[in-house]
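Order of the sequence lines fixes the chain letters, A, B, ..., with proteins taken first and strands second; residue numbering starts at 1 for each chain.
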There are 2 protein chains.
Amino acid sequence: MDRDDDPGATGGAPSAAAPRRTARRATGRITLDDVARAAGVSAITASRALRGTRGVDPALTERVQAAAAQLGYVPDPAARALASAHSQHVAVLIPMLSNTLFVELLESVQRTLTPAGYQTLIGVTHYRADEEEALLRSYLAHRPAGLLLTGFDRTPAAQALVDHCGLPCVHMMETREAPGIHSVGFSQQAAGRAITEHLLSRGRRRIAYVAGQMDPRVMQRADGWRAALRAAGCHDPALELMDPAPTSMALGGRLFRELMARHPDVDAIFFCNDDLAQGASLAALRMGIEVPRQVALAGFNDLDGSDQMIPPLTSVRTPRAEVGAQAASLLLSLMRGQQGVRATVDVGFELVVRQSS
Amino acid sequence: MDRDDDPGATGGAPSAAAPRRTARRATGRITLDDVARAAGVSAITASRALRGTRGVDPALTERVQAAAAQLGYVPDPAARALASAHSQHVAVLIPMLSNTLFVELLESVQRTLTPAGYQTLIGVTHYRADEEEALLRSYLAHRPAGLLLTGFDRTPAAQALVDHCGLPCVHMMETREAPGIHSVGFSQQAAGRAITEHLLSRGRRRIAYVAGQMDPRVMQRADGWRAALRAAGCHDPALELMDPAPTSMALGGRLFRELMARHPDVDAIFFCNDDLAQGASLAALRMGIEVPRQVALAGFNDLDGSDQMIPPLTSVRTPRAEVGAQAASLLLSLMRGQQGVRATVDVGFELVVRQSS
DNA sequence: CTGAAAGCGCTTACAG
DNA sequence: CTGAAAGCGCTTACAG
């Protein structure tokens, strides 16, 4: 029996046989109660039907879904997080967005996580341990369902937060075999070594390493460069040129000029990132330094434009999209409590030899 | 009197003179109640003290803050959002992160919003109206405190969501004078016109417009280009070359070759974004086409590397950091309910004339 | 200036 | 397979 004069009825909410339990909330928001009432079930059944919990009568599920759709019901993430102690957020911490590498990584992560119903909280650390710690603290308060971190280097406090939060966590870009640690990446050291060995195979002996940013992975590539040169008996520490500034084409040009002025006998340069190598390539062109005749150039990450340089740049293609996709799906498995997932995924890398070397 | 055998006491919570009202929560989380108890005040007073609501005894405020610090209390954003109907989130919707323009815009937004206690929810729309609408719907469910949108073009449904959510909203990158609308940007049309007039002033008459992405602002720049050429009596619609693909150096090279093959008499090109112009510059170099003698090149946004090109590229410097900072502080004013804020802020643009034109 | 009560909108055990 | 009760951790009125 429908009482149209019911003072609690504010508008044409579809009234099923179910009794009106409360008047429309003060906020005006359409709630689970509204849906349950419209479907003629209890709130908890509506909740289960909407979340796809198994063990609900299919007929009821259908009725609830129809009611939700008709009312335009959108679950309140805050209420859900408060009640269940977990949000549908995944916190993703990356060092910098101005390096397109991380933009591609992020896009790939989202392509996997979004369809699975998770929302990414993007945090940019600017390569600063203190910023990462602050972000972690703030994001953890939001009770995310999982964590996606870049690399392994962080403050002890940040590490403690990660260790004690009890949340599934996957590390990206580097790999590390350790109990309870999940990671997707490749060996930065091996990649640095491989490109240096390529330059050695071209007969180069005075091979420099030029880097910006100096983050952990840049240092690991330096290790690879050093190891290859030591093995070949031609390592010269003076040919290591590092600058803490973020990488850019402008910085690449500047460091190239600096290096060539100081060591005119350098016959090859390995840059920690392609933007540096691109800037160097243009500087060489301006300075009349022939590439690769006088000096061979090699970059890292194979970014947009490297194949457009004159001559086209040799680089290392790093599968960041693959890293993002695999890290995200590994995290999904962990968040779903699946057993027997792989702890470490090495996606490898690929030398892209072009005319600059 | 402290009863150490109290079965509700699970662990060494600092027990002040205040009575234990409830046992420690099942979740183990440190709550406002814990802080209030430790400080010997009620939960609501602790809440007010921590939020800085005026009208709390300074002595109490100090005691509460000390207790919170000592216990390592972190407010629960979900509970706060649920109770107050507003989170400390600001949803920021941008089209793409692979265009560094938006990365810089975003960084600038965060530099203003983060210190003010707001957290940015970054949403990337990929220039797709349907993705923007979905993001809006999802973010609105999180009850953000404010909205930062890129431009004005969206689906009617998305527009309705923005209109009816009643949330403060600032539009970025473009400006529009309309009642109730807040925007920070500059005239894309005027910028397109200015750079074209510059090329005209150099004596060029066969001036092409080459663009990728074809988003609304790219089209507005096209309008400016068209207007300038019409005014000069030398507009040729055949010299408008647009491609829906995202801009990149590779695309710039391809479009340049295509244009020069089809219209060898072109004597200047205005590119909608610098990455296209950079790719074209390198293509010209490879093809032996002299810049600017045979064809002048001009880009847009003055991105990293444009001053490294051979010759250095003429461009339009767009103050995206300024846009981000001003948009964020305008939004802050609106969220704080301040009256008499400026509805429209035009931050202008600047021609950067280098040797390519 | 301070507090007791109610409620925000969900989900988690616990019953049946 | 379904539901009534309690509770998640805060803040909003409403009193005093």
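In the set C/dC1, D/dC10, D/dG3, D/dG3 carries the atom at the smallest distance from any side-chain atom of A/Val41. In the set D/dC10, C/dT2, C/dG3, C/dG3 carries the atom at the smallest distance from any side-chain atom of B/Ile44. Nearest to the side chain of B/Asp76, among D/dG9, C/dC10, C/dT11, sits D/dG9. Distance from the side chain of B/Thr45 is smallest to C/dG3 among C/dG3, C/dG9, D/dA4. With distances taken from any side-chain atom of B/Arg48 to the nucleotides D/dA13, C/dC10, D/dC10, the minimum falls on D/dA13. Across D/dT12, D/dC1, C/dC10, the shortest atom-to-atom separation from the side chain of B/Ser84 is found for D/dT12. Side-chain proximity of A/Ala79 to the nucleotides C/dT2, C/dG7, C/dG9 is greatest for C/dG9. Distances from the side chain of A/Val56 to the nucleotides C/dC8, C/dC10, D/dT2 place D/dT2 closest.
Put simply, CG on A/Leu135 and CD on B/Gln119 are 8.0 Å apart, with the number rounded to the nearest 0.5 Å.
Looking at B/Glu133 and B/Arg137, a side-chain N of the basic residue comes within less than 4.0 Å of a carboxylate O on the acidic one, giving a salt bridge.
Base pairing of C/dA15 is made with D/dT2, judged by Watson-Crick or G-U wobble geometry with both donor-acceptor distances under 3.5 Å.
When the nearest nucleotides of DNA chain C are assigned to B/Leu82 and B/Leu60 by heavy-atom distance, the more 5′-ward of the two goes with B/Leu60.
Within 4.0 Å (heavy atoms only), A/Arg51 reaches sugar-phosphate atoms of the nucleic acid but no base atom.
The ring of B/His142 has its center no closer than 6.0 angstrom to the ring center of B/His86.
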